[in-house]
Amino acid sequence: MKVLLDTHILLWAAGMPERLMESARALLEARENELWFSAASLWEIAIKSALNRTDFQVDPRLLRRALRDNGYQELAVTSRHAVEIDLLPPVHKDPFDRMLVAQSLVEGLTLLTADDLLVEYPGSILHMADLDD
């Protein structure tokens, strides 16, 4: 499975794996899965870190290097992703989350999230808690 991690899952996988449910850790560790991170997530981390948000205190440069060194694939933000956003229903107001949904739809990736609202979007979106079902 090709899995795009939302920003919080990405942060937890990289620095606080204890925040992930065991089933989510197993999904991320399974060698047959292809793990992806979005440039939009690093953009969000850089902005929120600069605003001193306590849940985003990580150096995005170090995070990017660590993700790439550990085999994660990087997904750039393209104009195709941007124009897909206007087709999304107004479920979520966060522009970064909406971009991740658009990217997952355009690229045929499964979005892994801990956000209860994101699973209301169309496409292949997995909530971390649903992995235990």
Side-chain angles (χ1 to χ4, degrees):
M1 176 184 335
K2 294 180 178 184
V3 183
L4 176 63
L5 280 64
D6 85 356
T7 306
H8 277 100
I9 299 284
L10 190 66
L11 287 168
W12 297 341
M16 294 179 280
E18 66 280 0
R19 298 278 314 259
L20 295 170
M21 299 178 79
E22 186 174 324
S23 54
R25 282 195 306 270
L27 181 116
L28 298 178
E29 292 168 0
R31 294 176 90 40
E32 67 271 12
N33 292 330
E34 219 175 270
L35 304 178
W36 290 78
F37 70 95
S38 172
S41 289
L42 293 182
W43 183 11
E44 178 180 18
I45 291 165
I47 288 170
K48 293 180 177 176
S49 178
L51 294 172
N52 292 318
R53 285 268 309 262
T54 58
D55 53 339
F56 287 88
Q57 291 305 303
V58 63
D59 183 328
R61 290 163 200 78
L62 294 177
L63 177 60
R64 180 180 181 272
R65 184 178 317 131
L67 291 167
R68 293 183 50 89
D69 287 350
N70 284 288
Y72 283 70
Q73 302 293 313
E74 183 173 355
L75 181 58
V77 175
T78 69
S79 59
R80 187 167 173 219
H81 300 143
V83 299
E84 186 72 20
I85 289 173
D86 73 342
L87 299 176
L88 295 176
V91 173
H92 206 299
K93 295 190 185 305
D94 186 291
F96 296 106
D97 287 327
R98 291 174 60 81
M99 177 55 76
L100 294 176
V101 171
Q103 287 183 300
S104 70
L105 287 168
V106 168
E107 302 299 333
L109 303 172
T110 298
L111 179 61
L112 180 61
T113 186
D115 188 320
D116 295 335
L117 287 176
L118 289 185
V119 296
E120 295 181 29
Y121 280 108
S124 182
I125 301 175
L126 280 175
H127 193 286
M128 179 174 64
D130 292 338
L131 293 172
D132 283 337
D133 292 344

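Keep in mind the model is a prediction, meaning the values are calculated, not measured.
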What pair of heavy atoms forms the shortest contact from [X] to [Y], and how long is it?
{"X": "Ala114", "Y": "Asp6", "answer": "N-OD2, 3.5 Å"}
{"X": "Ala39", "Y": "Ala76", "answer": "CB-CA, 4.3 Å"}
{"X": "Ala13", "Y": "Leu20", "answer": "CA-CD1, 3.8 Å"}
{"X": "Val77", "Y": "Ala40", "answer": "CG2-N, 3.8 Å"}
{"X": "Leu109", "Y": "Lys2", "answer": "CD2-CB, 3.4 Å"}
{"X": "Leu131", "Y": "Ser23", "answer": "CB-OG, 3.3 Å"}

Side-chain heavy atoms under 4.5 angstrom apart, residues restricted to Ile, Leu, Val, Met, Phe, Trp, Tyr: same cluster for [X] and [Y]?
{"X": "Ile45", "Y": "Trp36", "value": "no"}
{"X": "Leu75", "Y": "Ile125", "value": "yes"}
{"X": "Leu11", "Y": "Met99", "value": "no"}
{"X": "Leu42", "Y": "Leu112", "value": "yes"}
{"X": "Met21", "Y": "Met16", "value": "yes"}

Charged N-O contact under 4.0 Å between Arg64 and Glu74: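 Yes.
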Distance from [X] atom [atom1] to [Y] atom [atom2], nearest 0.5 Å?
{"X": "Leu118", "Y": "Leu100", "atom1": "CG", "atom2": "CG", "answer": "7.5 Å"}
{"X": "Leu63", "Y": "Asp59", "atom1": "CG", "atom2": "CG", "answer": "8.5 Å"}
{"X": "Leu4", "Y": "Ile9", "atom1": "CG", "atom2": "CD1", "answer": "11.0 Å"}
{"X": "Asp97", "Y": "Leu117", "atom1": "CG", "atom2": "CG", "answer": "9.0 Å"}
{"X": "Glu120", "Y": "Leu88", "atom1": "CD", "atom2": "CG", "answer": "13.0 Å"}
{"X": "His81", "Y": "Arg98", "atom1": "NE2", "atom2": "CZ", "answer": "15.0 Å"}

Could you tell me if the side chain of [Y] sits less than 4.5 Å from the side chain of [X], heavy atoms only?
{"X": "Thr113", "Y": "Met128", "result": "no"}
{"X": "Arg68", "Y": "Phe37", "result": "yes"}
{"X": "Ile47", "Y": "Glu44", "result": "no"}

With side chain to side chain contact (heavy atoms under 4.5 Å, CB included) as the criterion, how do Val101 and Leu105 come out once you've worked through the C-alpha distance, each side chain's angles and the decisive distance to 0.1 Å? CA-CA 6 Å; Val101 171; Leu105 287 168; 4.1 Å; yes
Main-chain N/O of [Y] paired to [X] side chain as donor or acceptor, under 3.5 Å:
{"X": "Asn33", "Y": "Met1", "value": "yes"}
{"X": "Asn70", "Y": "Ala66", "value": "yes"}
{"X": "Arg19", "Y": "Trp12", "value": "no"}
{"X": "Gln57", "Y": "Arg53", "value": "yes"}
{"X": "Ser49", "Y": "Ala46", "value": "no"}
{"X": "Gln103", "Y": "Thr78", "value": "no"}
{"X": "Arg25", "Y": "Pro17", "value": "yes"}

For the pair Asp55 and His8, evaluate side chain to side chain contact (heavy atoms under 4.5 Å, CB included) and give the outcome as yes or no after the intermediate values. CA-CA 9 Å; Asp55 53 339; His8 277 100; 3.6 Å; yes
Before giving the answer on side chain to side chain contact (heavy atoms under 4.5 Å, CB included), spell out for Val91 and Tyr121 the whole-Å C-alpha distance, their side-chain angles and the decisive distance to 0.1 Å. CA-CA 7 Å; Val91 173; Tyr121 280 108; 3.6 Å; yes
Do you see a donor-acceptor pair shorter than 3.5 Å between the side chains of Asp115 and His92?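 Per modelled atom types, Asp115 and His92 side chains form a pair under 3.5 Å.
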Aromatic contact between Phe96 and Trp43, with the criterion being ring centroids under 6.0 Å apart: yes or no?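 For Phe96 and Trp43, the ring centres are under 6.0 Å apart.
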Evaluate the side chain to side chain contact (heavy atoms under 4.5 Å, CB included) criterion for residues Leu35 and Leu67: first the C-alpha distance (whole Å), next the side-chain angles of each, then the deciding distance (0.1 Å), finally the verdict. CA-CA 9 Å; Leu35 304 178; Leu67 291 167; over 6 Å; no
